Amino acid sequence: MADYDVIIIGAGPGGYVCAIRCAQLGLETAVVEARDSLGGTCLNVGCIPSKALLHASHLLHEARHTFARMGLSGAAPEVDWPRMQSYKTEVIGQNTKGIEFLFKKNGVTWIKGHGRLRDARTVDVAGKPHTARSVVIATGSAPATLPGVTIDEKVIVSSTGALELARIPRRLIVIGAGVIGLEMGSVYARLGAEVQVIEYLDAITPGMDSDIQGSFRKLLHKQGIGFVLGAAVQGAELTQAGARVRYTLRKDGSAHEAEADTVLVATGRTPHTEGLGLDALGIEMTARGQIRTDGQWRTSLPGLYAIGDVIAGPMLAHKAEDEGIAVAETIAGRRGHVNYDVIPGVIYTHPEVAAVGKTEDQLKDEGRTYRVGRFSFMGNGRAKAVFAGEGFVKLLADAQTGRVLGCHMIGPGAGDLIHEICVGMQFGAAAEDIARTCHAHPTFSEAVREAALACGDGAIHA
């Protein structure tokens, strides 16, 4: 007899959600986690603490730049960095303790320690074997680095170190213009740092719609963030004053240097599979170092599954959560499913950026005929009232059927507004369906309806 029905290795969003769903379906479930707290990278050193700092720094920016325009006078608040760090830690604790409560409520066992696979159904923890009918690998990912760049988490830092700097830097260099780099760059720019972003490609936020890329870079530049695009970083070394980054411009090969107090390496993430014993078991891997799975998240070994950042697809917490639920239902004999065409992406800067589905560039490459409905937040009464009129909603619909193919937006509350489109796409909605749905006034969501109207006869307030 196995000790458990299911053992999950890793208690991040994919792992803990999978565990709770398994328990809800009547499966005896255990989770192996080496951290002192549950929640993985997301809750401990990723999504949650970064959003706390983004929130605090945004309020500071509002107090310094917007309050007076609304008749709120008085001295702007000063930054108490140690207290802001304490606030961030409190937020982490509230969330991680919440997962512990959910484990107890659902009867999930937490096995503390590093897990290593002895075989497809046996996980060793501190030398003790634990067996299960099914095992799920949900060990997430770790920050990536570059050749010639050594992260010490003090001066040259990853996203983890960037959350707990000893002091706010005067100058910050961010290597990489993706989600993490731009979010953390925004935090420190609002707190007074001079921020420069160095990106290998010729545009920021790789993979996003080109209209969003251009508008987003201009908005961030207005907020004081500088950009060096098309630059290949050759290395970084510590100096007496901080660090020096060496890079060459791809257009002409010219060599350049930049110095800063702190350097944030934000060049993406790599799957965290070390120490699991995968090589010894002969588990098939992809060229990118991810675990190869089939359409039901099964690895090449029967009884062993994998989800989240360790398998192909976007490295997003909510993608891992969906896979966690789906694999739990699959193990329980149900039909687990994830619609990979409807997974939103969000950047929590101000304004926020959100997207789902196809980009216009992808539709052009596919030779598909489509309509574009675009509406500026400057035409939205609520946005103008709160000084958030910058940005737009861009809706893409099939030219023949009107079916929504994608949506890309930059503006207030975009991370929440995108889900109206997600629900619509999940049920095969047309742009007209959204346009004919009554939206409360005054709300930011009216901009989404106006973009849908623009796919037909035209927006009302444009």
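Because the structure is a prediction, the values reported are computed rather than measured. Count residues from 1 along the sequence.
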Note to self: Rounded at 0.5 Å granularity, tell me how far OG1 in Thr437 sits from CD in Glu420.
What the structure shows: 7.0 Å
Notebook entry, point to check: Checking Asp309 side chain against His272 main chain: does a donor-acceptor pair fall under 3.5 Å?
Noted result: no
Next item on the list: Please round to the nearest 0.5 Å and tell me the distance separating atom OH of Tyr200 and atom CD1 of Ile175.
Entry: 14.5 Å
Next item on the list: List the atom of Asn106, the atom of Leu102, and the distance in Å for their closest heavy-atom pair.
Entry: ND2-O, 2.8 Å
Check: Is there a donor-acceptor pair under 3.5 Å between the side chain of Thr293 and the backbone N or O of Ala306?
Finding: no
Next item on the list: Return yes if some donor-acceptor pair links the side-chain N/O of Thr139 with the main-chain N/O of Gly10 below 3.5 Å, else return no.
Entry: no
Margin query: Please give me the minimum heavy-atom distance between Lys319 and Tyr340, naming the atom from each residue.
Written below: CE-CE2, 4.1 Å
Next item on the list: Let me see the working for Ser134 and Asp5 under side-chain hydrogen bond (donor to acceptor under 3.5 Å, both in side chains), right down to the final yes or no.
Entry: CA-CA 6 Å; Ser134 300; Asp5 293 316; over 6 Å; no
Checklist line | NZ or CZ of Arg298 within 45° of Tyr305 ring axis and under 6.0 Å | finding: no
Item checked: Heavy-atom donor-acceptor pair, Thr286 side chain to Gln290 backbone, under 3.5 Å -> yes
Notebook entry, point to check: If every non-hydrogen atom of Gly140 is compared with every non-hydrogen atom of Val310, which pair is closest and at what distance?
Noted result: O-CG1, 3.3 Å
Notebook entry, point to check: From Phe216 CZ over to Ile410 CD1, what is the distance, rounded to the nearest 0.5 angstrom?
Noted result: 5.5 Å
Next item on the list: Could you go through the side chain to side chain contact (heavy atoms under 4.5 Å, CB included) check for Val393 and Phe377 one step at a time?
Entry: CA-CA 8 Å; Val393 178; Phe377 276 100; 3.8 Å; yes
Check: What distance do Tyr247 atom OH and Ile198 atom CD1 have between them, rounded to the nearest 0.5 Å?
Finding: 5.5 Å
Next item on the list: Please work out which of the three classes, parallel, tilted or perpendicular, describes the rings of His130 and Tyr4, given edges at 30° and 60°.
Entry: tilted
Identify all side-chain donor-acceptor contacts of residues 159-171 below 3.5 Å with residues at least two apart in sequence or on another chain.
none

Next item on the list: Could you pull out the closest heavy-atom pair between Arg190 and Ser57, with the gap in Å?
Entry: NH1-OG, 3.1 Å
Note to self: Show, in sequence, the C-alpha distance, side-chain angles and deciding distance for Glu259 and Thr239, and conclude whether the side-chain hydrogen bond (donor to acceptor under 3.5 Å, both in side chains) test is met.
What the structure shows: CA-CA 9 Å; Glu259 296 192 355; Thr239 65; 5.2 Å; no
Margin query: Ignoring hydrogens, what is the shortest heavy-atom contact between Val197 and Gly176? Give both atom names and the distance.
Written below: CG1-O, 3.8 Å
Check: What pairs with Glu274 under side-chain hydrogen bond (donor to acceptor under 3.5 Å, both in side chains), at least two apart in sequence or on another chain?
Finding: none
Notebook entry, point to check: What do the steps show when you test Val31 against Ile111 for side chain to side chain contact (heavy atoms under 4.5 Å, CB included), and what is the final call?
Noted result: CA-CA 6 Å; Val31 173; Ile111 303 172; over 6 Å; no
Note to self: Show the nearest heavy-atom pair for residues Ala76 and Ala63, with the distance to one decimal.
What the structure shows: CB-O, 4.4 Å
Next item on the list: In sequence, state the C-alpha distance, the side-chain angles, and the governing distance for Ile92 and Gln94, and then conclude on side chain to side chain contact (heavy atoms under 4.5 Å, CB included).
Entry: CA-CA 6 Å; Ile92 293 170; Gln94 291 169 4; over 6 Å; no
